[in-house]
Amino acid sequence: MKIALVGIGKIAVDQHVPAIADSADWDLAATVSRHGTVDGVETFTDMAEMLETRSDIRVVSLCLPPVPRFDYAMQALSAGRHVMLEKPPGATIAECHALEAAAREAGLSIYATWHSRHADMVAAAKTWLADKTLKSLTVTWKEDVRRWHPGQAWIWEPGGLGVFDPGINALSIVTEILPDDIHVTNAELDVPENCQTPIGARIAFHHPKGAQVSAVFDWRQDGDQTWEIDAVTDVGALKLRDGGAVMEVDGTRTGDAAPLGGEYPRLYARMAQLVRKGGIDMDLRPMTLATDALALGRRIPTDPFHD
Ligand code: NAP
């Protein structure tokens, strides 16, 4: 199937282009980007022109930051294209509901991707937790913003999510592996004096069966990056390491993939399945937790951030 990639920036180049190139399902037929290009692929700088000129391309994958994404997604749906959305699927929950409704109305597929859910050991962790009583779950997500978002001003602007941009990856795993839904009860947000979004966050959640659930996100991590989830149950402990690529249960380690390994090929395989079957996949639970933490969180001014 022919696909167009929109927003040729860091994640498009690092993950989407190689995943599409290695897939038997997809043919990268066009890009839409004001500055970015992909060698050998027809380039448009205007979305409307691509949609009008390339009526043979039925699927569009959006790799833009969250704030501009809604307009691009709505244009694609209005032009009868199936849509794949990078995470988070929009800047607000209402936008995401509007996109889902538009897709449903038009009989098109729309996919809110959560790449971290496709890390190697997430499905195994979900299976292991399914029949156990959770006592506690702790998320520690600490990385270096300069390494993953070099020069990206949008992450510090309203709607950019700040440290919730990676943190939402942890929330996507937690909402996938826990049998029960959680919700935010309170949060503290470290907001640099010159930014609109947090660089650090500590969040507490309500668990319907009384487990202690909490998360720490930090973007000021030098050296090793930490993407860990620790769950303690009535019959043992589970650790997810490297963003879900590695699992340890009571000291026994499984999984040897690198962080992010295999995630994007699985997203594109899922999109191919949705398009073929005419399905919609818009789980907004990670986004709800992130936006609730931003709504409830107590802001603590902190040192200015300079890239
Ligand atoms: P990015 O490189 O800053 O942006 C991607 C591209 O979007 C830019 O190159 C730009 O292309 C286009 N763009 C930016 N602002 C725009 C605007 N206002 N209107 C239209 N186009 C605009 O960001 P990224 O790191 O790739 O992240 C994009 C999305 O992927 C985010 O939602 C992020 O959460 C997600 N993601 C990122 C990573 C990561 O490690 N960076 C990992 C997983 C997921 P042109 O200027 O050429 O139009």
Side-chain angles (χ1 to χ4, degrees), residues 4-20 30-39 41-51 60-76 83-92 95-96 99 111-119 141-173 196-198 217 219 221 225 227 242-245 258-268 284 286-287 290-291 294 307:
L5 207 48
V6 181
I8 306 301
K10 180 157 178 28
I11 199 62
V13 171
D14 288 358
Q15 297 292 335
H16 290 254
V17 172
I20 293 169
T31 61
V32 181
S33 211
R34 298 161 309 176
H35 310 94
T37 59
V38 175
D39 282 351
V41 178
E42 186 177 8
T43 304
F44 293 83
T45 52
D46 183 68
M47 180 74 164
E49 189 191 346
M50 187 279 291
L51 292 168
V60 172
S61 177
L62 301 180
C63 311
L64 307 156
V67 168
R69 196 172 302 135
F70 175 79
D71 286 341
Y72 282 78
M74 206 46 115
Q75 276 191 71
V83 172
M84 179 165 166
L85 303 163
E86 246 301 351
K87 49 88 350 190
T92 69
E95 279 182 4
C96 298
L99 291 176
Y111 180 21
T113 65
W114 299 108
H115 65 84
S116 294
R117 282 187 175 172
H118 296 272
W141 227 250
K142 295 184 176 180
E143 60 176 58
D144 178 358
V145 63
R146 291 181 176 89
R147 193 186 307 181
W148 302 101
H149 294 278
Q152 296 181 356
W154 61 265
I155 55 172
W156 303 112
E157 292 297 323
L161 287 188
V163 77
F164 284 82
D165 180 273
I168 206 167
N169 298 336
L171 299 176
S172 76
I173 296 176
Q196 296 290 319
T197 58
F217 302 153
W219 245 349
Q221 175 92 340
Q225 308 291 279
W227 298 298
D242 293 349
L260 280 171
E263 296 177 15
Y264 280 79
R266 289 177 196 131
L267 294 181
Y268 276 94
L284 300 181
M287 175 111 179
T291 54
L294 289 166
D307 217 348

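Counting starts at 1 for both ligands and their atoms, following the listed order. What you see is a predicted model; the values in this text were computed from it and never measured.
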Chemist: Assess the side chains of Glu143 and Trp219: does a donor N or O sit below 3.5 Å from an acceptor N or O?
Modeler: yes
Chemist: Within the structure, does Trp154 bring an N/O atom to less than 3.5 angstrom of an N/O atom in ligand 1?
Modeler: yes
Chemist: Do Leu5 and Ile20 have side-chain heavy atoms sitting under 4.5 Å apart?
Modeler: yes
Chemist: Among all protein non-hydrogen atoms, which one is nearest to atom 8 (C) of ligand 1, and what is the separation to 0.1 Å?
Modeler: Gly9 CA, 4.1 Å
Chemist: Out of curiosity, Leu267 CG to Tyr111 OH, how far, rounded to the nearest 0.5 Å?
Modeler: 4.5 Å
Chemist: Count the heavy atoms of every other residue, nucleotide or ligand shown that sit under 6.0 Å from NZ of Lys142, and state whether that count exceeds 12.
Modeler: no
Chemist: Looking at non-hydrogen atoms alone, which of His16, Gln152, Arg147 comes nearest to atom 1 (P) of ligand 1?
Modeler: Gln152
Chemist: Output yes when a side-chain donor or acceptor of Thr43 lies under 3.5 Å from a complementary backbone atom of Val41, and no otherwise.
Modeler: yes
Chemist: Does the Asp46 side chain pair with the main chain of Glu49, one donor and one acceptor, at a distance under 3.5 Å?
Modeler: yes
Chemist: Measure the distance from atom 20 (C) of ligand 1 to every protein heavy atom, then report the residue, atom name and distance (to 0.1 Å) of the closest one.
Modeler: Tyr72 OH, 3.5 Å
Chemist: From the options Asn169, Leu64, Val145, select the one whose nearest heavy atom is closest to atom 21 (N) of ligand 1.
Modeler: Leu64
Chemist: If you count the atoms of ligand 1 from 1 in the order shown, which ones are under 4.0 Å from a heavy atom of His149?
Modeler: 41 (N)
Chemist: Near Ile8, which atoms of ligand 1 are under 4.0 Å from a heavy atom of that residue?
Modeler: 9 (O)
Chemist: For Gly7, take its heavy atoms, then give the atoms of ligand 1 lying under 4.0 Å from any of them.
Modeler: 6 (C), 7 (O)
Chemist: To the closest 0.5 Å, what do you measure between CE (Met287) and CH2 (Trp114)?
Modeler: 7.0 Å
Chemist: Can you report which non-hydrogen protein atom sits closest to atom 42 (C) of ligand 1, along with the distance?
Modeler: Ile11 CD1, 3.2 Å
Chemist: Go through ligand 1 atom by atom and flag the ones less than 4.0 Å from a non-hydrogen atom of Pro68.
Modeler: 16 (C), 17 (C), 18 (N), 19 (N)
Chemist: Within the 4.0 Å heavy-atom shell around Pro66, which atoms of ligand 1 are there?
Modeler: 32 (O)
Chemist: Using a 4.0 Å cut-off to any heavy atom of Cys63, which atoms of ligand 1 qualify?
Modeler: 5 (C), 28 (C), 29 (C)
Chemist: Does the ring centre of Trp148 sit less than 6.0 Å away from the ring centre of Trp227?
Modeler: yes
Chemist: For atom 41 (N) of ligand 1, what's the nearest protein heavy atom and its distance?
Modeler: Trp148 O, 3.1 Å
Chemist: Which is closest to atom 44 (C) of ligand 1 in terms of heavy atoms, Glu86, Arg34, His35?
Modeler: Glu86
Chemist: When you compare ligand 1 with Tyr264, is there at least one nitrogen or oxygen pair between them that comes in under 3.5 angstrom?
Modeler: no
Chemist: Quick check against the 3.5 Å criterion: does Arg69 have a side-chain atom that pairs as donor or acceptor with the backbone of Glu86?
Modeler: yes
Chemist: Is there a donor in the side chain of Gln15 and an acceptor in the side chain of His115, or the other way round, less than 3.5 Å apart?
Modeler: no
Chemist: Number the atoms of ligand 1 from 1 as they appear, then name those within less than 4.0 Å of a heavy atom of Asp165, with their elements.
Modeler: 33 (C), 34 (O)
Chemist: What do we get for Lys10 next to ligand 1 when only non-hydrogen atoms under 4.0 Å count, side chain, backbone, both or neither?
Modeler: both
Chemist: Spell out, as yes or no, whether a donor-acceptor pair under 3.5 Å connects the side chain of Thr113 to the backbone of Leu85.
Modeler: yes
Chemist: Under 3.5 Å, sequence neighbours excluded: what are the donor-acceptor pairs made by side chains of residues 60-67?
Modeler:
{"from": "Ser61", "atom 1": "OG", "to": "Tyr268", "atom 2": "OH", "distance (Å)": "2.8"}

Chemist: Would you confirm whether Ser116, through its side chain, and Ala170, through its main-chain N or O, come within 3.5 Å as a donor-acceptor pair?
Modeler: no
Chemist: Answer yes or no for Arg69: is there a heavy-atom contact with ligand 1 below 4.0 Å?
Modeler: yes
Chemist: With a 4.0 Å cut-off on heavy atoms, is Trp114 touching ligand 1?
Modeler: no
Chemist: Which ligand 1 atoms are under 4.0 Å away from a heavy-atom of Lys87?
Modeler: 31 (C), 32 (O), 33 (C), 34 (O), 35 (C), 44 (C)
Chemist: Pick, from Gly90, Ser33, Pro65, Ala12, the option with the minimum heavy-atom distance to atom 4 (O) of ligand 1.
Modeler: Pro65
